Protein chains: 2
Amino acid sequence: MPLKNRPEKSAELRELALFSNMDDAHFDMLTRGAYVQNFPPAIELIAEGEPSDFLFVVIEGSVELFANWNERETTMATIRPVSTFILAATVKNAPYLMSARTLEKSRLILLPSEGVREVFDLDAAFARSVVTELAQCYRQTVKQSKNLKLRTSLERLANYLIRYNDTNGDNNAFTLPTEKRRLASYLGMTPENLSRAIKSLQQYGVMFDGQHVSITDDKELRQLAKPTPLIDDPNL
Amino acid sequence: MPLKNRPEKSAELRELALFSNMDDAHFDMLTRGAYVQNFPPAIELIAEGEPSDFLFVVIEGSVELFANWNERETTMATIRPVSTFILAATVKNAPYLMSARTLEKSRLILLPSEGVREVFDLDAAFARSVVTELAQCYRQTVKQSKNLKLRTSLERLANYLIRYNDTNGDNNAFTLPTEKRRLASYLGMTPENLSRAIKSLQQYGVMFDGQHVSITDDKELRQLAKPTPLIDDPNL
DNA sequence: CATCGAGGTTGACTAATGTCAATTATATGG
DNA sequence: CCATATAATTGACATTAGTCAACCTCGATG
């Protein structure tokens, strides 16, 4: 359904940091050819290598970004509401480097890439927001590379748990937001290896019960994980 | 020495994609407090975690970006003339995520970050160039993550050699641009493991003689490496 | 309620990669 | 040109991580 028929969704979009400071007229241009669309779970939205026709915004549900090579696959990120994905491909008018699929029933806004690039040239405030967003994405992947190159898979898991706990109530108890096999892929390991890593973490003060995690000895866990903002702070 | 005393260096800077489309007055603002400076080899220019006071431009020589964690170190990138580094930290006014050191005698331009951010708000053309540059950097690190997560170290080396050959004359013969231990670190492996990988590549049509490399059987090497533009094309 | 199937776990094994120590090659400065 | 330091290589071994197959668990469904 065209976005213009859904003013409440349009308002939601407008509140995103990326779009909040731009001119009204430009926002209208941007959303003119936009659609709000519902997708069932496990739908492949885009495939790596395709031209970037749309900028996507996740309104509800969740989307997995992943990549393939030589029969292998890895999860690059999970996008949750409300945020955009594949902004870089859109502004560069270059092929997607990642594929995307819905993880669950999801509602997305599709903004034609053409419009994003046009408005980008017209609206300085929007351009500034794009820069901030891109810089953020860039730094996120730099941290991701450091994580992969400097840490073992056990250390990556330990830090993932600390980070997730910190950003979700800090109660030392939470439920994993994804299936373990996806978490494994995200962390750059196999499901089997994750299973074993989970077992190993018992001696460092982490209890697993299915999807439920409780950190029983925060100090012990941090001693293993040695978290640093320069890798683990999502806001840096 | 202040950049304004070195008009020829200023001109060189102006030709960079990042600065070529901006207004003259803004370019002057940007370079007002800038310095041209020579550094000996192995000087640590910045350390991760420090506030981003300057945007750096490599004019001559080469600079290694690296990161540390828990007594471990890894090479993230090597910057060669003429290009900038740590743009994202500058525009976000956030701490550096990587450290930098000169690899050899190098000449750099230091642009005060403050000025970069100011001019960014004033000059739409500059803002656009920053976006393009950041999008490029972002996509580069996404490719880097895919490379790390989807390939073994032997495959990474094989692809590195193909890529380097492709972008440097395509003669199937070239000299490694860095020490092997730095190449190893860049590829996410130990020097010992690189030594062994080099040996293994003999059976895939690559001959090493010290720093000199010749590809004797391009087809065989490609069959192992399976290069794809979505990981290996630096321009994508 | 029984069945089915996907995700998860476990064990046994293999492959990839890292570590340490010793040795050899290479480059550099006196 | 030699002395020295650093890089590179090699062998032996340890650790980390992946593979494969079997099995378990749990929820969905007929």
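Keep in mind the model is a prediction, meaning the values are calculated, not measured. So that the names make sense, note that chain A is the first sequence line, chain B the second, and so on, each numbered from 1.
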As a test of reading the structure: which of [options] is closest to the side chain of [X], going by heavy atoms?
| X | options | value |
| --- | --- | --- |
| B:T152 | D:dT16, C:dT17, D:dT9 | C:dT17 |
| A:K180 | D:dA17, C:dG8, D:dG11 | C:dG8 |
| B:E192 | D:dA7, D:dA17, D:dT10 | D:dT10 |
| A:N193 | D:dA8, C:dG8, D:dA17 | D:dA17 |
| A:R196 | C:dG8, C:dA12, D:dT16 | C:dA12 |
| A:S195 | C:dG8, D:dA8, D:dA21 | C:dG8 |

Starting from [atom2] on [N], measure out to [atom1] on [X] and report it in whole angstrom.
| X | N | atom1 | atom2 | value |
| --- | --- | --- | --- | --- |
| B:R156 | C:dA16 | CZ | P | 13 Å |
| A:K199 | D:dA17 | NZ | P | 17 Å |
| B:L187 | D:dA8 | CG | P | 13 Å |
| B:L194 | C:dA16 | CG | P | 16 Å |
| B:E155 | D:dG18 | CD | P | 13 Å |
| A:E179 | D:dC26 | CD | P | 16 Å |
| A:L183 | C:dT9 | CG | P | 11 Å |

| field | Check: B:Q211/B:T175 side-chain N/O donor and acceptor closer than 3.5 Å | value |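 Not at all, the side chains of B:Q211 and B:T175 share no donor-acceptor pair under 3.5 Å.
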| said: Looking at A:E192 and A:R181, is there a salt bridge between them, counting it only when a charged N and a carboxylate O are closer than 4.0 Å? | reply: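 No salt bridge links A:R181 with A:E192.
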| field | Cationic N near anionic O, under 4.0 Å, B:K146 to B:D232 | value |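 Salt bridge: no.
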| Can A:R101 be said to sit on top of A:F66's aromatic six-ring, NZ or CZ under 6.0 Å from centre and within 45° of the ring axis? |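 Ring-cation test returns yes.
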| Whichever of A:M189 and B:Q211 has its nearest DNA chain D nucleotide further upstream toward 5' |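 Whichever sits nearer the 5' end wins; that is B:Q211.
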| Of all heavy-atom pairs between A:R222 and A:I162, which one has the smallest distance, and what is that distance? |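 Result for this residue pair: NH2-CG2, 3.5 Å.
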